[in-house]
Number of protein chains: 2
Amino acid sequence: MKNIIAHLDKAFESRVRLGIMSMLMVNESVDFKTIKETLDVSDGNLASHLAALEKKEYINITKQFIERKPNTSYSLSPAGRLAFKKHLEALEALIGK
Amino acid sequence: MKNIIAHLDKAFESRVRLGIMSMLMVNESVDFKTIKETLDVSDGNLASHLAALEKKEYINITKQFIERKPNTSYSLSPAGRLAFKKHLEALEALIGK
DNA sequence: AATTCAACTTTGCATTACAAAGTACTTTTA
DNA sequence: TAAAAGTACTTTGTAATGCAAAGTTGAATT
């Protein structure tokens with residue numbers, strides 16, 4: 001039993017980022033407002049977590065207008081999906097044994 | 001899909017505390033040195049994480065001498081075991097759906 | 001022209017994580 | 001018996017993080 005937490009990704013330590021990634025795992029894309037309301041966080045806080053995930057290139061951002069209102073939606077990048085899968089596997093390895 | 005991260009326990013957000021709790025879930029008791037080496041953290045850092053878990057009354061501490069050396073070992077309190085179980089259930093709910 | 005809305009960015013503060021150094025107690029070694 | 005070593009801390013200091021609140025931007029509505 002050595003180095004059992006080394007494979008946990010620091011990017012997914014926070015509850016908010018865990019929530020974002022989970023939403024994006026099961027939805028092709030989710031918009032800012034939906035994430036904000038689902039996780040019940042302030043918009044500034046959410047923006048900073050999204051920025052952190054974007055910086056790591058774990059998510060893609062699409063800005064457009066829907067019904068003449070700005071709408072920003074997010075989706076997982078392949079790297080993000082992989083990283084999150086690895087993180088979940090590390091979590092399982094940690095607690096399932 | 002509402003408030004999906006509300007049931008995650010803040011006490012278990014950090015990798016180190018997640019590691020500590022996991023070790024204690026599968027071992028009746030684990031001593032300081034073993035935790036330190038398994039998680040590869042500095043002793044000061046580990047001590048502070050353990051203190052945080054102790055403050056929440058999630059773990060019990062037993063100090064004794066083994067082979068004439070000081071030995072501090074840790075075990076889960078019932079509350080700690082319950083809280084961690086709830087946390088894991090919340091995690092599963094988050095990612096398994 | 002003023003207001004509203006979405007999605008930020010900035011600011012500022014409080015908390016946290018961490019390493020490194022220092023401490024206390026005991027045992028071992030010289 | 002004095003010095004060194006080992007365990008488990010505690011203290012100190014710093015850098016990173018989390019967060020709310022307020023400010024910003026650009027387009028749409030009134």
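Residue numbers start from 1 in every chain, and the chains themselves are labelled A, B, ... in the order their sequence lines are given, proteins ahead of strands.
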Looking across every strand, which nucleic acid part, if any, lies under 4.0 Å from B/Ser14 by heavy atom: base, sugar-phosphate, or nothing? sugar-phosphate
Determine: side-chain N/O of B/Lys69 to OP1/OP2 of D/dG6, distance under 4.0 Å, yes or no. no
Does a side-chain N or O of B/Tyr74 approach OP1 or OP2 of D/dC9 to a distance below 4.0 Å, or not? yes
Can you confirm whether B/Glu13 is buried at CD, in the sense that more than 12 heavy atoms of other residues, nucleotides or ligands lie under 6.0 Å from that atom? yes
Would the number of heavy atoms belonging to other residues, nucleotides or ligands and lying under 6.0 Å from CD of B/Glu28 be above 12? no
Whether B/Asn45 contacts C/dA17 is assessed here as follows: a side-chain N or O lying under 4.0 Å from the phosphate OP1 or OP2. Is that the case? no
Would you call the rings of A/Phe32 and A/Tyr74 parallel, tilted or perpendicular if under 30° counts as parallel and over 60° as perpendicular? tilted
Start at the 5' end of DNA chain C and walk down; is the nucleotide closest to A/Lys10 or to A/Pro70 reached first? A/Pro70
Can you check whether B/Lys63's main-chain N or O pairs, donor with acceptor, with B/Thr72's side chain at less than 3.5 Å? no
Using a cut-off of strictly less than 4.0 Å, decide whether A/Thr72 has a side-chain nitrogen or oxygen near OP1 or OP2 of C/dC8. yes
Would you mind reading off the distance between B/Asn71 atom CG and C/dA24 atom P, rounded to a whole angstrom? 22 Å
Verify the contact: side-chain N or O of B/His49 to OP1 or OP2 of C/dT16, cut-off strictly under 4.0 Å; return yes or no. no
Does A/Lys63 reach a base, just sugar-phosphate, or nothing at all? Heavy atoms under 4.0 Å. sugar-phosphate
